[in-house]
Protein chains: 2
Amino acid sequence: MTTGRLMTEATDDTSIPQTPSLGGSAHVAEKLALAIHEHRILPGTKLSEDEVGEVFGVSRTVVRAALQQLSHDQLITLKRNRGAFVAQPSIHEAREVFEARALLEPRTARSAAERTTAADMVRLQTHIDAEHAALAAGDVGRAVYLSGQFHIEIARIAQQDTIREFITQLVARSSLIIALYWQRRSALCESHAHNALMRALVAHDGTLAEEVMQGHLLDLVSSLDLQNRAATPRSLHEVFGTR
Amino acid sequence: MTTGRLMTEATDDTSIPQTPSLGGSAHVAEKLALAIHEHRILPGTKLSEDEVGEVFGVSRTVVRAALQQLSHDQLITLKRNRGAFVAQPSIHEAREVFEARALLEPRTARSAAERTTAADMVRLQTHIDAEHAALAAGDVGRAVYLSGQFHIEIARIAQQDTIREFITQLVARSSLIIALYWQRRSALCESHAHNALMRALVAHDGTLAEEVMQGHLLDLVSSLDLQNRAATPRSLHEVFGTR
DNA sequence: GTCGCGGTGATCGTATACAATCTTGTATTA
DNA sequence: TAATACAAGATTGTATACGATCACCGCGAC
């Protein structure tokens, strides 16, 4: 066990699932997904079954179940007899992800605007405050995670569970894409756009919400470097195309 | 083992994975998914791990992996310490599924129209022929399956893998919805719409393809009975609203 | 010096065994 | 008679063990 402390150690929690309604594998999957979201585990990192099991104090059986779930969400890639690796979306995949988001999210924001309640407003404001706090603390990973949760929250307000699930997957993959292709620039425009979105929502202005969301997603894409090929491949095999 | 012959028996194939690149669990998951698609296994059916393992000649380990995958696709529902059951989408979920399809597929059809090649046309025509053959043979289940595959094929032509994956999930759930809420009526309009779609695609008429797809999905929804609550609920809890 | 080849270690794939939980049948009692 | 408590059976949840496959590395031949 040479890597260590990339993720929360087993001593952080009771190592016994605190949510008895959930299976242990779901617990492990959540923890891993959060760590990936927050960029505490970087794309390309190998997730050995033994190692993960040791960290969380569970057997390989439950680790395998968790990894399979994450694989289905395309957060990790399973290679037969090789192991699990945090996914490294290609530039092509990155474009597709944001095209899908552009297709789903503006319309969802419009729906959300028509249904935003006072309670929703409070939740959104809390979210934005948390984003600001994370940025102020310099915790970029957490800020990225919270920023994604904001988009998911909008889908929740729209009361479209099926679409929300898709957006959840897209946000997760977006987190990987940001980790790979982010070029530092305007980090503040993010939460600014979220503020504008919230204003449109509470004003029940669906058209405005749709426009703001569309522009926000475009800004997001343009803050990435999707031109240069060969952006941060971790595995030597991928560098040279062997295997 | 009292149920039997709902799905293809183990003697149908070699019971040894014929695709060595795929894990055995993927093989089992595919067979089960196909059986569910074709309505050979109906919503609400319990899929016991032992039973499935016996049918396919594999151990519970691989069955569990397959069931987990199907659960993620929402084809089955896993209940802790209870087992796996073929999913029974509620009317609300059914509406959401088709709303999501209405959001994704028309635009995807437009993209596909701009990229349809001669080879694609052949594939589409083959598909439509197979649909006709299945209908002529009275195999409604297979016709439903092939009809869904047609929609997935369009997403493939559009070269949008991410969106294609979403549509694949939605088509799968649509199959369950059709099994639950289908009210017999115009079974032929289906393939007719598919013919119209193909014509729009080969003519590279994106606008027409988008319109046809939108209308086709609306027809599909209106062929369902999503008004009556309590349409074929299997669980008594759902009948009486307890828990 | 480079290419090909087999040994070796590590890791995953699958099967089996045991523990925990739920369901169900039965007997007991008010 | 009906309700409850208890026990037996069945099913899933988890852990462990063994076998298969692949990557890595050293050795030898060309």
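Just so we're on the same page: letters track the sequence lines, and every chain starts at 1.
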Review point. Sequence neighbours excluded, which residues qualify as salt bridge (charged side-chain N to carboxylate O under 4.0 Å, His left out) partners of A/E93?
Key: A/R173
Exercise for review: Could you check how far CG of B/L47 sits from C1' of D/dT11, rounded to whole Å?
Suggested key: 14 Å
Review point. Looking at side-chain heavy atoms only, is the closest gap between A/V97 and A/S174 below 4.5 Å?
Key: yes
Check your understanding: Do any side-chain nitrogens or oxygens of A/R64 fall under 4.0 Å of OP1 or OP2 in C/dC12?
Key -> no
Exercise for review: Verify the neighbour count for atom CZ of A/R164: are there more than 12 heavy atoms of other residues, nucleotides or ligands below 6.0 Å?
Suggested key: yes
**Study point:** Those residues that, when tested against A/E49, pass salt bridge (charged side-chain N to carboxylate O under 4.0 Å, His left out) (two or more places apart)
**Key:** A/R60, A/R64
Practice item. Using the six-membered ring of A/F56, assess whether NZ or CZ of A/K31 lies under 6.0 Å from its centre and within 45 degrees of the ring axis. Key: no
Protein-nucleic acid N or O pairs under 3.5 Å, nucleotides 5-10 of chain C:
none

Expected rows: protein N/O vs nucleotides 16-19 of chain C N/O, under 3.5 Å:
from	atom 1	to	atom 2	distance (Å)
C/dT16	O4	B/T61	OG1	3.4

Revision key, fill the gap. Salt bridge (charged side-chain N to carboxylate O under 4.0 Å, His left out) filter on B/E38, not counting sequence neighbours, yields B/R40, B/R142
Review point. To the nearest Å, how far apart are B/E49 CD and C/dC22 P?
Key: 16 Å
Review point. Once you round it to whole Å, what is the distance between P of C/dG13 and NZ of A/K79?
Key: 13 Å
Practice item. Answer whether the closest heavy-atom distance between the side chains of B/I157 and B/L124 falls below 4.5 Å. Key: yes
Practice item. Could you tell me the separation between the CZ atom of A/F85 and the P atom of D/dA23, rounded to a whole number of Å? Key: 10 Å
Point to revise | Gap between atoms NZ and C1', on A/K46 and C/dC12 respectively (whole Å) | key: 9 Å
**Study point:** Length of the line joining B/H27:NE2 and C/dG13:P, which is rounded to integer Å
**Key:** 17 Å
List every contact pair, protein side and nucleotides 20-22 of chain D side both N or O, where the distance is under 3.5 Å.
from	atom 1	to	atom 2	distance (Å)
D/dT21	O3'	A/N81	ND2	3.2

Review point. D/dT11 C1' sits how many Å from B/E51 CD, rounded?
Key: 12 Å
Exercise for review: Given side-chain hydrogen bond (donor to acceptor under 3.5 Å, both in side chains), test B/H72 with A/Q69 step by step and report yes or no.
Suggested key: CA-CA 8 Å; B/H72 198 292; A/Q69 181 181 333; 5.5 Å; no
Review point. Mind checking whether B/E96 and A/I163 have side chains closer than 4.5 Å, heavy atoms only?
Key: no
Exercise for review: Answer yes or no: is there a side-chain heavy-atom contact under 4.5 Å between A/L170 and B/F166?
Suggested key: yes
Review point. Start at the 5' end of DNA chain C and walk down; is the nucleotide closest to A/S48 or to B/V62 reached first?
Key: A/S48
Revision key, fill the gap. Exactly one of A/L70, A/I41, A/T77, A/L42 clears side chain to side chain contact (heavy atoms under 4.5 Å, CB included) with A/V86, and that residue is A/I41
